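In this chain, numbering begins with 1 at the start of the sequence shown. Hydrogens, waters and symmetry mates are skipped; everything else that's a heavy atom, side chains included, is used. Whatever order the structure lists them in is the order used to number ligands and atoms, beginning at 1. Small disclaimer: the values here were computed from a predicted structure and weren't measured.
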Amino acid sequence: MTTILVTGGTGTLGRLVAERLRTDGHEVRVLSRHAQPYAVDLIRGGGGLGAAVAGVDTIVHCASTPRGGDEKAAAHLIAAARRAGVGHLVYISIVGVDVVPLGYYKAKYAVERQIEESGLGWTILRTTQFHDLLVQMFEAVGRLPVLPLPAGVSDQPIEVAEVADRLAELALGAPAGRVEDMGGPRARTFPDLARAWLRATGRRRPMLEVPVPGKAYRALRSGGHLTPGNEGGKGTFEDHLAARYGSGSSARG
Ligand SMILES: NC(=O)c1ccc[n+]([C@@H]2O[C@H](COP(=O)([O-])OP(=O)(O)OC[C@H]3O[C@@H](n4cnc5c(N)ncnc54)[C@H](OP(=O)(O)O)[C@@H]3O)[C@@H](O)[C@H]2O)c1
C-alpha cells in the first residue's frame, strides 16, 4: 500500500484520481483549501502542509487556479515534499503551455520547470481540455441570445475520467519525467462542438465566430494546444453530453 497525497483532490480531476487510488487500496489524503483534515491554501503555505506531506510516498498535484499563484503554491509544495522525503511528484499540465502565451499557461509552464528542477522524482503529463470545461464555457455563453465563439480555433477535448486513470497509473509507477501528451479522440472546430452541445441540451442559438486579436489566440488558431497523433482519449464529446444531459434532448429554447 502506498500513501498518496492528491492536491486539489476535491476538483473535477483530483476527485476522480483520489477515488481510483482508494479503490486500488492505497491510503489517499486529499488536500485543498476546504478539504478537512488537510485544508491548506498552497499559495499561503503554512503549518498544515507539513502534516499533509508527512509519511507520503507520492504526491499528485492537481490543485490549481487560473486566478494566479500556481508558482507560489508549487514552491511551497516542493519545499514541504523535500523536507518530508517524498519520492515522487506527479503533475498535470496542459498541452501547449510552452507555445500558447496565455497567462495561465505561462504559469503552468513555470511550474513544470520548478518541478523538473526540484530534485524530487517527478512525472509530468500534459493533456488537452476536459469535456467539462467546454460544457462550462457553453453554459456561460449559452445565456446570451447569440453564441460567440473564437474564430478559427479548434479543440481536442478529452474525458476527464480517462485522464484520471492515466494519472493514477503514473502515480503508482516510478518517476517517468515528461510522458507522452494525451489528447481527446479528435480536433474539432468550435462551431462543430457548439452544435453538439446545442443538440444535447435542446437549445437553438445562432453562432457568431469572433476574431480574437493577440499572440495567444494566434497560437491557438495554429493549434498549439492540440496534440495530433496522441489521441489517447477515447470518449467523445457526444458520449460526455449524453452522460450529462441524457441521450434525449429537452427543448429549452
Ligand atoms: N480543466 C481542464 O480542461 C484541464 C485540462 C488539462 C489540465 N488541467 C489541469 O488539471 C488540474 C485540475 O483541473 P480541474 O479542472 O480539475 O480544476 P478544478 O476543478 O478547478 O479543481 C481545482 C482544485 O484545486 C483546489 N485549489 C485551488 N486553489 C487552491 C489553493 N490555493 N490551495 C489548495 N488547493 C487549491 C480546489 O479546491 P479548493 O477550492 O477547496 O481549494 C480544487 O480541489 C489543473 O492543474 C489544470 O490546469 C485541466
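For the residue pair E112/S93, the side-chain donor-acceptor check at 3.5 Å is satisfied. In this model, a donor atom of one side chain and an acceptor atom of the other lie less than 3.5 Å apart for R113 and Y109.
Counting the atoms of ligand 1 from 1 in the order shown, those under 4.0 Å from a heavy atom of L133 are 3 (O). Listed by number with element, the atoms of ligand 1 under 4.0 Å from a non-hydrogen atom of I94 are 6 (C), 7 (C), 47 (O). Residue L13 has at least one heavy-atom neighbour below 4.0 Å for each of these atoms of ligand 1: 10 (O), 16 (O). Those atoms of ligand 1 with a heavy atom of K108 less than 4.0 angstrom away are 9 (C), 44 (C), 45 (O), 46 (C), 47 (O). For ligand 1, the atoms closer than 4.0 angstrom to any heavy atom of D41 are 30 (C), 31 (N), 32 (N). Every atom of ligand 1 with a heavy atom of I92 under 4.0 Å away is listed here by number and element: 7 (C), 9 (C), 10 (O), 11 (C), 45 (O). Residue V40 approaches ligand 1 through these ligand atoms, each under 4.0 Å from one of its heavy atoms: 32 (N), 33 (C). Near S93, the atoms of ligand 1 lying under 4.0 angstrom from a non-hydrogen atom of the residue are 6 (C), 7 (C).
When only non-hydrogen protein atoms are considered, atom 26 (N) of ligand 1 lies nearest to A63 CB, 4.0 Å. The protein non-hydrogen atom at the shortest distance from atom 20 (O) of ligand 1 is S64 O, 4.7 Å. The single protein non-hydrogen atom nearest to atom 39 (O) of ligand 1 is R33 NH2, 2.8 Å, given as residue, atom name and distance. Nearest to atom 23 (C) of ligand 1 among the protein's heavy atoms is G8 CA, 3.6 Å. Of all protein heavy atoms, the one closest to atom 36 (C) of ligand 1 is T10 OG1, 4.1 Å. Nearest protein heavy-atom neighbour of atom 12 (C) of ligand 1: C62 O, 3.3 Å. Of all protein heavy atoms, the one closest to atom 38 (P) of ligand 1 is H34 ND1, 3.4 Å. Taking atom 32 (N) of ligand 1 as the reference point, the nearest protein heavy-atom neighbour is L42 N, 2.9 Å.
Heavy-atom contacts from other residues, nucleotides or ligands closer than 6.0 Å to OH of Y217 number 12 or fewer. Counting heavy atoms of neighbouring residues, nucleotides and ligands inside a 6.0 Å radius, atom CZ of R44 does not exceed 12 of them.
Using a distance-only test at 3.5 Å, with no hydrogens or angles considered, no donor-acceptor pair links the side chain of R83 to the main chain of G50.
At least one heavy atom of T128 sits closer than 4.0 Å to an atom of ligand 1. Distances from ligand 1 to the non-hydrogen atoms of P66 include no value under 4.0 Å.
Here the shortest heavy-atom distance to atom 18 (P) of ligand 1, taken over T7, T12, V17, belongs to T12. Here atom 2 (C) of ligand 1 lies nearest to F130 when heavy atoms of F130, Y91, Y104 are compared.
Through direct or relayed side-chain contacts under 4.5 Å between Ile, Leu, Val, Met, Phe, Trp and Tyr, V210 connects to V146, L208.
With a 4.5 Å cut-off on side-chain heavy atoms, F138 and T201 do not count as touching.
Between D132 and R244, at least one side-chain nitrogen of the basic residue sits less than 4.0 Å from a carboxylate oxygen of the acidic one, meeting the salt-bridge criterion.
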Under 3.5 Å, side-chain donor or acceptor atoms of residues 14-21 against the rest of the protein: list the pairs with distances, not counting sequence neighbours.
| residue | atom | partner | partner atom | Å |
| --- | --- | --- | --- | --- |
| R20 | NE | D165 | OD1 | 2.2 |
| R20 | NH2 | A161 | O | 3.3 |
| R20 | NH2 | D165 | OD1 | 3.4 |

